[in-house]
Amino acid sequence: MTLDELPRSPGEWLKGNGPESDIVICSRIRLARNLADFPFISKASRSEKSEIVTQIRESISESNSKLNYFDVERMSELDRQFLVERHLISRELKEGEGPRGVALNDDESASIMVNEEDHLRVQVMRSGFALLQAWEQIDDLDNRLEEHLDIAFSQELGYLSACPTNVGTGIRVGVMLHLPALGQTNHLDKFFRALQKINLSVRGLHGEGTQPYGDFYQISNQQTLGKSEPELIKSLSDVIPQLIEYERKARQTLLTERRQVLHDQVSRAYGVLKTAHTISSEETMLLLSSVRMGINLGLIDDLEIAQVNELFINTQPAHLQKIHGQTLAVDERNVLRASFLRKRLTEMRDGPPSE
Amino acid sequence: MASFQSDSGNSGTSSTSAALNPKCTVCGQDLMQFRTGGRLGCPLDYEVFGETLTHFFETNQSALLHVGKWPKRGPSRFETLRWQAELRQAIVSQNYELAAQLRDRLQERKNQRKQRDDT
């Protein structure tokens, strides 16, 4: 597998299927792990980071995990950004220093970042609300790797991480939600404050430190110590159905009370995407968010969620440039993005042009 | 990010003393550096900064003990990290006999690891 083959598919988390996928975009679990024989990243020398990469690459191959390793240190800026947009690496790994990389499986459901904040950041993403399936997959992958690695672990504190906020299980359980109807009410802040009270955090699309955008939110656990992995997963699994229910109700209320306004908003968004001649990635995301809600409410019937997801990922800056095989300035990208959207939306509606 | 700032607030000159600013002999990180950056330097810092971290876990995690999965190989003793630090110290203090012993131990550990991986 090469990175150039990836844009042909939207990636596991944007497949648009799986339980409750009209609201839950994807479920994600990550585990923070470190090797016992090395200092954490902030104190590791270049040669130690190299040795960590070597040991982890060996363990991946010995564990028969079917993952392909990519050297992020030697990767072009464009490829690094491309992996960030696909949620396969973090911004921290992209902008890090020294030997580091990422191992990916073919369907992009699993990734292992090497030498990010911790020596290993194992991640599994599944489309829709599928935390238990994600846990089974990541637990199996983690077990396989640990057979071949000496992991930093203390009887009292569990898995030892570079930042004490991850100590214990080292687990971060998250779901990415699309809440456009709740976003139009004044209730969202109230819900989020309630979540924070039970130790759950709310973040934007790209995780820590990012602002919510296009009504996409990530909700995840903050506690990592003193509860088992299944208990922490359950604490999130228990509240998500309520949020889904509130969003569904808010959508129905909008449909009943403001149908014309809503239909107008959705149709205008769709119209701009089909006709614009220059458009930023931010505006594209906001408009696609409206169109996505329009499809889920039956206000748009000639487009599918999977197709919106394809547009959503392929109009991101690095994806756009990789698909077109050239590096472009912002203005040029905006023109190309608009032309790509017009072409793809016509093809999606009418089918691909005949040869 | 979580704050690891001292609650006492007073960080006068005395805080640089070993008692108030413990330093890890393995990775060289001291408590001040940790409080500023929020990251630990090595797994043994969990012992060195135990008091500060216990307070942090009580406040932010409402727990002090791990409940959950264990790695197959069990808890670590961190011998490699300790021996590497002792080796550096032995060289600095020109204790070459001890340095040679430690170097041999580290090499033996490396060979054991390699053997285990090969089988």
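Chain A is the first sequence line, chain B the second, and so forth, proteins listed ahead of strands; every chain is numbered from 1.
- Interface remark: A:Glu147 contributes backbone and side-chain atoms alike to the contact with chain B (heavy atom separation under 4.5 Å).
- Within a 6.0 Å sphere centred on CD of B:Glu51, other residues, nucleotides and ligands contribute 12 heavy atoms or fewer.
- Of all the listed residues (B:Gly28, B:Pro43, B:Cys27), the one sharing the greatest number of non-hydrogen pairs under 4.5 Å with chain A is B:Pro43.
- In terms of non-hydrogen atom pairs under 4.5 Å with chain A, the most contact-rich of B:Glu79, B:Lys72, B:Arg73, B:Arg77 is B:Arg73.
- For the set B:Val67, B:Thr80, B:Asp45, the count of heavy-atom pairs under 4.5 angstrom toward chain A peaks at B:Val67.
- Between B:Gln29 and A:Phe40, every side-chain heavy-atom pair lies at or beyond the 4.5 Å cut-off.
- Neither the backbone nor the side chain of B:Leu44 comes within contact range of chain A; no heavy atom of the residue lies under 4.5 Å from a heavy atom of that chain.
- Ring-plane geometry between A:Phe153 and B:Trp70 is classed as tilted, the angle between the planes lying from 30 to 60 degrees on a 0 to 90 degree scale.
- At a 4.5 Å heavy-atom cutoff, B:Glu47 makes no contact with chain A through either its backbone or its side chain.
- More than 12 non-hydrogen atoms from other residues, nucleotides or ligands lie less than 6.0 angstrom from CD of B:Gln112.
- Considering all non-hydrogen atoms of both residues, B:Cys42 and A:Pro39 come closest at CB-CA, 3.9 Å.
- Between the side chain of B:Tyr46 and the main chain of A:Ser154, no donor-acceptor pair closer than 3.5 Å is present.
- Counting heavy-atom pairs closer than 4.5 Å to chain B, the top residue among A:Lys227, A:Glu58, A:Glu231, A:Arg33 is A:Lys227.
- A:Asp37 contributes atom CG, which lies 6.5 Å from atom CG of B:Leu81 (distance to the nearest 0.5 angstrom).
- Using a 4.5 Å cut-off between heavy atoms, A:Asn34 does not touch chain B at all.
- Looking at B:Phe49, neither its backbone nor its side chain comes within 4.5 Å of chain A, counting heavy atoms on both sides.
- Contact between A:Gln155 and B:Pro75 at its shortest, heavy atoms only, is N-CB, 4.1 Å.
- If you measure heavy-atom distances from A:Ser59 to chain B, you find no contacts under 4.5 Å at all.
- For the atom pair CZ (B:Arg39) and OG (A:Ser42), the distance works out to 8.5 Å, reported to the nearest 0.5 Å.
- Just one residue in the list A:Leu225, A:Leu157, A:Val167 forms a side-chain contact (heavy atoms from CB on, under 4.5 Å) with B:His66, and that residue is A:Leu225.
- A donor-acceptor contact closer than 3.5 angstrom links the side chains of B:Gln61 and A:Thr224.
- Highest contact tally toward chain B, considering only A:Leu149, A:Ile41, A:Asp139, A:Ile151, is held by A:Leu149 [criterion: heavy-atom pairs under 4.5 Å].
- Here the OG-CG distance, from B:Ser76 to A:Leu160, works out to 6.5 Å after rounding to the nearest 0.5 Å.
- Between B:Asn60 and A:Gln222 the shortest side-chain heavy-atom distance does not fall below 4.5 Å.
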